[in-house]
Number of protein chains: 2
Amino acid sequence: MAVTIKNIADACNVSRGTVDRALNNRGKINPEKKELILAKAKELGYKPNYIARSLKRGKTNTIGIIVFNLYNEFFSSLINSMEEKAKEKDYHIDLALTHYDKDTEKKCVESMIRRQVDGLILCSVNNKKDYSSWLQKFNIPVVSLANKISNKIPYISVDDRRAMKDATQYVADKGYDRIIYISPPLAYEDTHNIYALKQRFEGFSQVNMEHESIIIESKDYIRELETINILEYKTAILCTSDIYALEVLNYLKEKKIKIPSQVGVMGFDNINMLKYIEPHLTTVSYPIEQIGAIAIDSISQAIENGNKIQNMVITHEIIIGESL
Amino acid sequence: MAVTIKNIADACNVSRGTVDRALNNRGKINPEKKELILAKAKELGYKPNYIARSLKRGKTNTIGIIVFNLYNEFFSSLINSMEEKAKEKDYHIDLALTHYDKDTEKKCVESMIRRQVDGLILCSVNNKKDYSSWLQKFNIPVVSLANKISNKIPYISVDDRRAMKDATQYVADKGYDRIIYISPPLAYEDTHNIYALKQRFEGFSQVNMEHESIIIESKDYIRELETINILEYKTAILCTSDIYALEVLNYLKEKKIKIPSQVGVMGFDNINMLKYIEPHLTTVSYPIEQIGAIAIDSISQAIENGNKIQNMVITHEIIIGESL
DNA sequence: CTGTTAGCGCCTTCAC
DNA sequence: GTGAAGGCGCTAACAG
């Protein structure tokens, strides 16, 4: 059984109130008694029970974080930066992964609410109109990252549309006259939150190429790619994530297609592992660690001072590699 | 303010006890009343307060997990598998990162103890003899992964010595007659926990090569490598982690040294991203996801049934690539 | 300056 | 079947 304030009080022949004053530098207390109590607490190995404290204070100093998974370095970098920032501000991380499942996500949210997290940061797969009001019902600060939920929920991200437009323009400026655009399915709209994907697609659509673009929107994009004559025209393959681009690179290498002389490839995210990839992938930097730090900052201020969290757009950047 | 059992009780004109019976299927209760109470609970949007429940039950259903960071895919895969397994068993993850700092690790442990985690899984940087008794003082199940703390703390891992011995033997069998062995500093012993590293080094030392091996043990291994005539003899560079091996590959590519015809390279861990790397890295599989799942399994049984957690050795495997 | 006490929300015994 | 009540450990308001 762990040592409690009562144990210390008994051991020192004082009241629990006095022990509390000694331990937490609250109000007036006889310095000698304070010494004695602190010494005894140390001797007994007292560790405050934060569960009890949380119950009393109605605050757990915990931020719930819900993301898809940690297989994509994008998210592990995010969690890494958030944990660091959270620790600095004396918050804990309650982490849950949805694996892109909407029901799992809802369960995660509910479970976190039951655990009385002080705030919620999520990269959501949910999209239904009523999801955002459902979230607001819980009356704690919520921040969405990377995938907007609604205008009601603060959203921190890059400008996905602009970023993909810039990427597409960069491809065009490089002299490519046709693009094969690879994205996860865009038709999932009524079942999944694909806000960012749609934004990117719109951005892509704003740039005109000489020859008609080919859109592949499928999890099975490599198989789709096989049905296309890639070498026709001066073609670039533009992917909505680096991971997709890496798979494409692998496919092209297998087919002995030269990059970038026969076909160009461009990714999106600029994940760290790219430094080990050859050829160096041209991509768009997504400053996910910065976004994570900002999210923790904003949400902790919202928790502590009731500040409203502002939407925020972080600057992206074209990263020039050798794959285009 | 969130809805409590008392609110429901008042709304239904029953006692809190009865609400509890309805909500948790406890004991006898008038079916009609139960219906009414459940309906009311739903209507009011009742969500049990787990903090209060935890305080009462003395169990938080939370497992504290402490690892170095998430930059190495090794750890993000680990967390990923643990989160999945934990969710399945209705545990939450309290995640903290140490960034290889011993004091940070201790603070993380203390903070988790204060939060009353039911168990602790850690990949430790601490090594001092008294660390393991300090850990045991808290009287909750503890499991160490990947880096052994002491014989007193259950340890789940591969047999690092055997694994590196097998790797070295594989290199020798491939016809290499000299090895450059790259490891983080082994001299940190009095400051850091380098159990696994030492085991690997011992395993490596058990195999005799024709020419004397060169040991590089430094964070600055690339610079060290520059001072060596790599092309002398038939040399293989054996690294204690894939990440190191990837850096070495980058260095060799930059120097236009052909792999494996001029020099061989071997890694350790078999992280997922290797599938995007060329040439395919020969490495040792470290079944970290399996280890994570086993750790959660064992610790949850220890929490629930008081089972003693057994040490466990998981099978490694040589992964044959094209870099050797 | 110090002790007492009433909860935070839930769970559990005990009595009716 | 149901209600009343105490307590998990900590905090804070109130007495003294």
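Order of the sequence lines sets the chain letters (A, B, ...), proteins ahead of strands, with each chain counted from 1.
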Please work out if Leu55(A) contacts a base, only the sugar-phosphate, or nothing of the nucleic acid, heavy-atom cut-off 4.0 Å.
->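 The residue Leu55(A) makes base contact.
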
Span of DNA chain C in contact with chain A (heavy atoms, under 4.0 Å) =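 Listed 5' to 3', the contact boundaries are dC1(C) to dG9(C).
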
Mind jotting down which residue pairs meet the salt bridge (charged side-chain N to carboxylate O under 4.0 Å, His left out) criterion with at least one end in residues 10-20 of chain A? Sequence neighbours excluded, please.
->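 Only Lys6(A)-Asp10(A), Asp20(A)-Arg26(A) qualify under salt bridge (charged side-chain N to carboxylate O under 4.0 Å, His left out).
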
Just by distance, with hydrogens left out, do [X] and [Y] show a side-chain donor and acceptor under 3.5 Å apart?
X: Glu73(B); Y: Ser76(A); value: no
X: Thr104(A); Y: His99(A); value: no
X: Tyr286(B); Y: Ser157(B); value: yes

In plain terms, say whether [X] and [Y] are close enough for a salt bridge, that is, a side-chain N and a carboxylate O under 4.0 Å apart.
X: Lys107(A); Y: Glu110(A); value: no
X: Glu83(B); Y: Lys87(B); value: yes
X: Lys40(B); Y: Glu43(B); value: yes

Carefully, step by step, assess Lys102(B) and Asn193(B) under the rule side-chain hydrogen bond (donor to acceptor under 3.5 Å, both in side chains).
-> CA-CA 9 Å; Lys102(B) 291 200 296 183; Asn193(B) 183 338; over 6 Å; no

What string of B, S and - do you get for nucleotides 10-16 of chain D 5' to 3' if you count protein non-hydrogen atoms under 4.0 Å?
-> BBS----

